[in-house]
Asks: 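Just dropping this structure here.
Note on naming: letters A, B, ... go to the chains in the order of the sequence lines (proteins, then strands), and numbering restarts at 1 for each one.
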There are 2 protein chains.
Amino acid sequence: MNFPKGYRCCGFNCGIKKESADLAIVVSDVPATAAAVYTTNLFQAAPLQVTKAHLDAGHTAQAIVINSGVANAAMGKQGLNDAEAVAKALAAHFDIAESSTIVASTGVIGMPLPVDKITAGIAGADAHLKPLAENADATAQAIMTTDTVSKQAAASVVIGGKTVHFWGMCKGAGMIHPNMSTMLGFVLSDAAIDAELLQQALSAAIGDSFNMISVDGDTSTNDMVTVLANGLAENPVIVDDGSQAFADFQAALKDICIQLAKKIVSDGEGATKLFEVQVANAPSTNDAKIIARAVTSSSLVKAAMYGRDANWGRIACAAGYSGAAFKPETMDIFIGDIQVAKDGQGLAFDEEAALALLSEHDILVKIDLHDGDGAAVAWGCDLTHDYVSINADYRS
Amino acid sequence: MNFPKGYRCCGFNCGIKKESADLAIVVSDVPATAAAVYTTNLFQAAPLQVTKAHLDAGHTAQAIVINSGVANAAMGKQGLNDAEAVAKALAAHFDIAESSTIVASTGVIGMPLPVDKITAGIAGADAHLKPLAENADATAQAIMTTDTVSKQAAASVVIGGKTVHFWGMCKGAGMIHPNMSTMLGFVLSDAAIDAELLQQALSAAIGDSFNMISVDGDTSTNDMVTVLANGLAENPVIVDDGSQAFADFQAALKDICIQLAKKIVSDGEGATKLFEVQVANAPSTNDAKIIARAVTSSSLVKAAMYGRDANWGRIACAAGYSGAAFKPETMDIFIGDIQVAKDGQGLAFDEEAALALLSEHDILVKIDLHDGDGAAVAWGCDLTHDYVSINADYRS
């Protein structure tokens, strides 16, 4: 993995959790252009409000602090004060403007943030900080909650003769759903790019990645994806959204976001399978997205995936109630390359072959509507006994 | 239970299922005014299309046939032919107009309807038909699929000095969600009422009952609720939607629909609990409904109910992403009479007392938004290990 230049980071235990790492810090050697996308939930957690105020002010960031264990959500004025105290401590420690800090929290809702532990952690961070290449794993591990594995991805692209690198980490297992659910994503890049174009590229990338995954349909109060671009790759600054350079940057950012999003679904609470739903030839891109998301969000489809059941009726049914406009009578459905429905009706198919495909970890469902040229892809995981166990016991 | 006058019915095995009853027939002694509400799924099963054509033609019905085991959904032209063949056989047997028949099917999607077995069943129905009071149980049992218990309810009201009776049966366990999900409901009444008012009363009753329940968020292709009113109670015909008689009729019909809807949620696939979500003082009735449904539909809230976890954060979170407009900072949440959140923030509360309330079968959640006078009630069931087991194995 080639890492973007000029980032140091660390992940360690600051005492919120019993033993495992619960505090991650990322610092750029120089101020970076920054952009973010936030949850659409009406309850927006305090750290998001603080981060948003900072980035809106300058579109620049140089340090990120993320704690796991406590979400600092639904804590009212105290939550805001706490998030600001953490941002202040981070700014003071690295001698940067408070508006250059990004703060994030993930964990239990409705409990006070242990500010003292976090600020003490920040004060002792220098002992832990190392170049990204050395500490990426430890950092990605520190932001985990119910995640069973840490999640990282990388991408690179040549822009103006310079190789631009991306590295990203994310967390999120349950509550993953379109519109930025309990999910945190942090992408670091050494690209040089205008702030407005960075936001534009991130918003577009999110629309095709994090917003197209679903674990259980619930969306959370704390979700946020941020991207930093510190310019140390020394490419000519990307300033034109019609340029090839921007298109290449956009493609690489989307690539890394899709990689990260798929890792989240694969690690969905209790999940044993990742299934991809490709919708083709829909009346519009929006209809295709609505259908793809309805199928990946359907509890019945998800339970059928767990049961390795080629139950195309549930797929058709979810598309039918999705709210998208399409002609049911021209819908074809495939599991892998096996066609299971044609013109909205079931086909006789090789059940053994379908069972074999459905026994894999990665499953592909294709829906061809023959009713336009809209297309979309979404990813979901199966609904399992373990999902119920995890979520029936989370708080206790 | 006092039954409406003038109905005979039966439920027996016609050979679709191995042993249990799979065919139900209901006949009114005289033609009845009829109304219905149908699924909003784009895939509308053949029997619904046939029934809708019949009722649209005359708003009158005299006989109903329902088979369980095969849904006759997503079967294209053949499905329509099959549903029409069943309607024809029913009309011929009882010597009534084909447009006076209602046909319904529930079960597996995408399999051909066994028309011969059903028409043979209809031909032999006279041996089974008995007055409603004697055969209500057998009839309600014949429409079950994954239901674990049969579902009936009754209501009565005095109109113009005459007691009008209602009896209803329904089925539906999984896929129960707002907008008429896999759910069949049949209400019989001996009231005399104008056809247009009957439709108006049914649509309003459904909006506060069947459309406010959720098992898993999936909506099906076959859902339908019908009501027959044969006039044999001899009340003065209800013709004025501003009259007390109509208000009384409306209230009784809503009452029986809520009774039936709650029985469906209580018997949700794998469910062990029924929870009622009351939303008060919302900006509008519609906002209240959206919030109540989002909370009852949330997988995380449902899993928390299973785990007896007073996780008010998940309740607030579901309200927050519901799409309804409200002020998070004035939201109060109660579990039973225990206040767990005030002004959008958690309160310290008696966890033991909350656990005791959450250990009951029936759980009440109250959300007070202090932000208007809209109110709504919705019902949900918990998400359990058994739900996953049932739906991972349904087809195999």
Asks: So what's closer than 4.5 Å to chain A heavy atoms on B:Met331: side chain, backbone, both or neither?
Replies: side chain
Asks: Does NZ in A:Lys52 sit with more than 12 non-hydrogen atoms of other residues, nucleotides or ligands closer than 6.0 Å?
Replies: no
Asks: Using heavy-atom distances under 4.5 Å, tell me whether B:Lys342 contacts chain A through its side chain, its backbone, both, or neither.
Replies: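 Neither part, no heavy atoms under 4.5 Å.
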Asks: Among B:Ala316, B:Ala341, B:Ser322, B:Gly346, who wins on heavy-atom pairs under 4.5 Å with chain A?
Replies: B:Ala316
Asks: Can you measure from NE2 (B:His385) to CG (A:Asp386) and round to the nearest 0.5 angstrom?
Replies: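 One finds 7.0 Å between NE2 of B:His385 and CG of A:Asp386.
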Asks: What closest approach, in Å, do A:Phe43 and B:Pro328 show between heavy atoms, and which atom pair accounts for it?
Replies: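 Scanning both residues completely, I find the closest heavy atoms to be CE2-CB, 3.5 Å.
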Asks: Is any side-chain heavy atom of A:Phe326 closer than 4.5 Å to a side-chain heavy atom of B:Leu42?
Replies: yes
Asks: Would you mind telling me which of B:Ala294, B:Gly344, B:Ala325 has the largest number of heavy-atom pairs within less than 4.5 Å of chain A?
Replies: B:Gly344
Asks: Select one option (side chain, backbone, both, neither) describing which atoms of B:Ala71 are under 4.5 Å from chain A's heavy atoms.
Replies: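 Answer is neither: B:Ala71 stays 4.5 Å or more from chain A.
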Asks: Using a cut-off of under 4.5 Å on heavy-atom pairs, state which of B:Gly76, B:Ala319, B:Ala304 scores highest against chain A.
Replies: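 With the most close heavy-atom pairs to chain A, the winner is B:Gly76.
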Asks: For B:Asp368, check salt bridge (Lys or Arg N to Asp or Glu O under 4.0 Å) against everything at least two apart and list the hits.
Replies: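 Here no residue qualifies.
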Asks: If I compare all heavy atoms of A:Gln345 with all of B:Lys77, which pair ends up nearest, and what's the gap?
Replies: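 Reported closest heavy-atom pair: NE2-N, 4.2 Å.
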